[in-house]
Amino acid sequence: MKFGILPVRNITRRPIRSALTAAGIAVAIASFVALTGMSRALEGAWVRSLVERDTHLMGLRKGAVEILTTTLDENLTGPMKQVSGVKDVAGELVDLVTLPTGQAVLMTGWPAGSFLWQTLPLRDGRVPAADDERWVVIGEPMAAHLGVGVGDTVSIRGAPFTVAAISRPKAVLNRHALVAPLRAMQRLLDRPGRVTVFNVRLERPDDPAAVAGARAQLSAMFPDVTFTESGAVAQQNEILGMLRAVAWGTSTIALLMGLMAVLNTLLMAVTERSREIALLSAMGWPQARVLWLILLEGLVLALVGSGVGAALGLGALQGISRHPSMRAFLEIQVGPRVIWEVVAAGVALGGLGGLYPAWRAVRQPPAEVLQRE
Amino acid sequence: MFEAGLVKALGDVTLTIGHQELVAVLGASGSGKSTLLHVLCGLLAPTSGRVVFEGMVPAGQRAWARLRATRIGFVFQSIHLLPTLTALENVQVPMFGVITRETDRITRAAGLLERVGLRDRMRHLPGQLSGGERQRAAIARSLANTPTLVLADEPTGNLDSASAAGVLDLFTELHATEGVTLVVITHDLDVARRCRRLVRLADGRLVSDTVVEGAGS
């Protein structure tokens with residue numbers, strides 16, 4: 001018999017209680033995976049969208065919390081292009097719009113001839129040169145959702161926009177976005193001469209010193225604008241930061257409840273088995289081995305619950321990402337980080353949940369327990 | 001020698017048990033028999049006095065735990081086999097940390113169970129064994145690490161007379177063949193009659209220590 005058999009047999013001794021405890025852990029881990037995964041999927045969608053557009057720095061109004069409601073002067077584009085190390089700059093006006101189907105999507109306006117258009121892979125149609133007409137390039141899944149093709153008309157905020165092209169970007173945010181010419185977008189939102197953000201392309205984006213240098217110059221020359229590297233833009237966004245905090249806060253509460261489940265189960269098990277534990281001491285088991293046995297029981301319970309919880313959480317995340325109101329904004333990626341976090345959470349739940357019961361188990365005087373016979 | 005709160009459970013007990021002796025400790029309930037047993041194996045530390053084991057005074061709980069793991073076997077009245085483990089697995093429990101290889105543990109446990117007449121019951125859980133069989137398995141477990149001393153606390157207390165006789169035969173045989181020192185705490189005069197030396201306790205004190213010629217043979 002291997003040592004590992006002992007905790008497994010002890011757990012299966014009370015199968016319903018153990019299963020319920022594992023279920024409690026599974027729910028805690030599922031909440032953790034789904035909530036933090038959703039927060040990351042939102043951030044990931046934004047970052048990948050910028051990477052796909054070849055934007056190296058993003059310029060936002062300084063101090064802006066909700067960026068869609070703030071604007072900057074479009075005329076800053078020219079002076080920004082003059083900064084050393086900057087290859088190109090394109091202003092962009094962005095807002096959320098509701099489609100005739102009721103789905104909310106991002107709509108963005110790009111200046112005619114800007115580098116942004118070159119990053120948009122088209123499936124059908126072409127990008128017209130006219131900057132002030134109401135036309136729109138629509139992502140493939142949105143076109144399918146609306147049932148429209150090139151030449152059809154889509155009503156946006158009551159104004160008819162002709163579908164000029166169907167795009168096929170990879171990033172989920174770009175795939176579900178509507179892209180219109182900047183002038184038409186400014187008219188639609190009644191924000192003439194204004195943009196929401198500046199997309200900055202650099203000469204040497206792979207050289208950290210060059211990136212830092214360009215960023216420092218831009219920041220010095222345009223004090224009302226905050227320039228952030230694309231990879232960090234989601235991390236530094238206040239709203240996403242709040243969502244992240246809510247996700248972690250809620251997950252922590254769920255994990256604490258899972259911890260209580262492990263603690264309660266093992267405490268009951270240790271109390272029930274006090275004579276057996278005393279017997280192990282009488283047979284010469286050192287305290288460390290008894291402690292390890294109880295801790296292992298907690299770890300096995302927690303890891304089983306974590307495995308089930310991770311599967312449930314990822315399933316829930318997939319379900320959320322397919323929901324019509326969310327599919328345009330979530331880019332789910334399951335990497336080694338999620339696996340490590342689930343394993344770490346499982347080990348923490350099992351270890352911490354088992355620690356006190358294990359300590360109680362080794363603290364009981366074996367002679368006293370055995371004499372209770 | 002030992003005080004628990006205001007209760008003096010044992011006092012003025014000086015006892016030397018020789019190698020391969022078969023000793024019965026007799027006394028009424030509350031006379032201090034179990035306390036003496038627990039003091040003998042280091043589960044209880046005396047508040048004054050000392051316990052010398054094979055010429056040494058073990059220093060602290062760790063040393064005693066090591067001795068209990070390697071040199072001292074235990075048999076209890078309530079048997080205490082772990083209910084989720086088979087007889088074969090129960091006998092292996094004391095071997096963790098002493099016998100490293102799993103195959104060696106299994107071989108040793110199987111040999112001991114065969115020795116106590118449970119060859120065909122090795123894969124049974126305690127709940128599937130009779131009281132006598134369970135106590136035999138517990139005796140096999142007490143011998144797991146080839147102890148020099150086996151302490152038995154009322155080993156036939158929960159058995160019917162036939163099973164008790166079988167267990168006593170086994171104890172006597174093991175004492176004769178394995179050469180272990182056997183200390184049996186008992187109320188049972190049948191058990192006492194098989195022992196050559198009888199130690200009597202009353203109110204935590206040693207009241208008699210006699211050698212009975214011809215007993216235990």
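Below, read A as the first sequence line, B as the second, and so on, with proteins coming before strands; counting in each chain starts at 1.
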Relative to chain A, which segment of F74(B) carries a heavy atom at a distance below 4.5 Å: side chain, backbone, both, or neither? side chain

Using modelled atom types only, decide if a donor and an acceptor are shared between the side chain of E89(B) and the backbone of M1(A) within a distance under 3.5 Å. no

Which atoms of R62(B) are under 4.5 Å from chain A, going by heavy atoms: the side chain, the backbone, both sets, or neither? neither

Can you confirm whether R13(A) sits close enough to P83(B) that some side-chain heavy atom of one is under 4.5 Å from a side-chain heavy atom of the other? yes

To check you understand the geometry: which heavy-atom pair defines the closest contact between P94(B) and M283(A), and what is its length? CG-SD, 3.5 Å

Examine whether an atom of R289(A) lies under 4.5 Å from a heavy atom of chain B, and if so say whether it belongs to the side chain, the backbone or both; otherwise answer neither. side chain

Is it the backbone or the side chain of I106(B) that comes under 4.5 Å from a heavy atom of chain A, or both, or neither? side chain

Are more than 12 heavy atoms, taken from residues, nucleotides or ligands other than R200(B), located less than 6.0 Å from that residue's CZ atom? no

Provide the closest heavy-atom pair for K2(A) versus E102(B) in the form atom of the first, atom of the second, distance. NZ-OE1, 2.6 Å

Would you indicate whether the side-chain heavy atoms of T84(B) and T12(A) approach each other to under 4.5 Å? no

Check whether any side-chain heavy atom of L85(B) sits under 4.5 Å from a side-chain heavy atom of L6(A), and report yes or no. yes

R68(B) side-chain N/O to S281(A) backbone N/O, donor-acceptor pair under 3.5 Å: yes

Gap separating the CG atom of L43(B) from the CD atom of E368(A), nearest 0.5 angstrom: 12.0 Å

Polar side-chain atom of W285(A) near backbone of F96(B) as donor-acceptor pair, under 3.5 Å: no

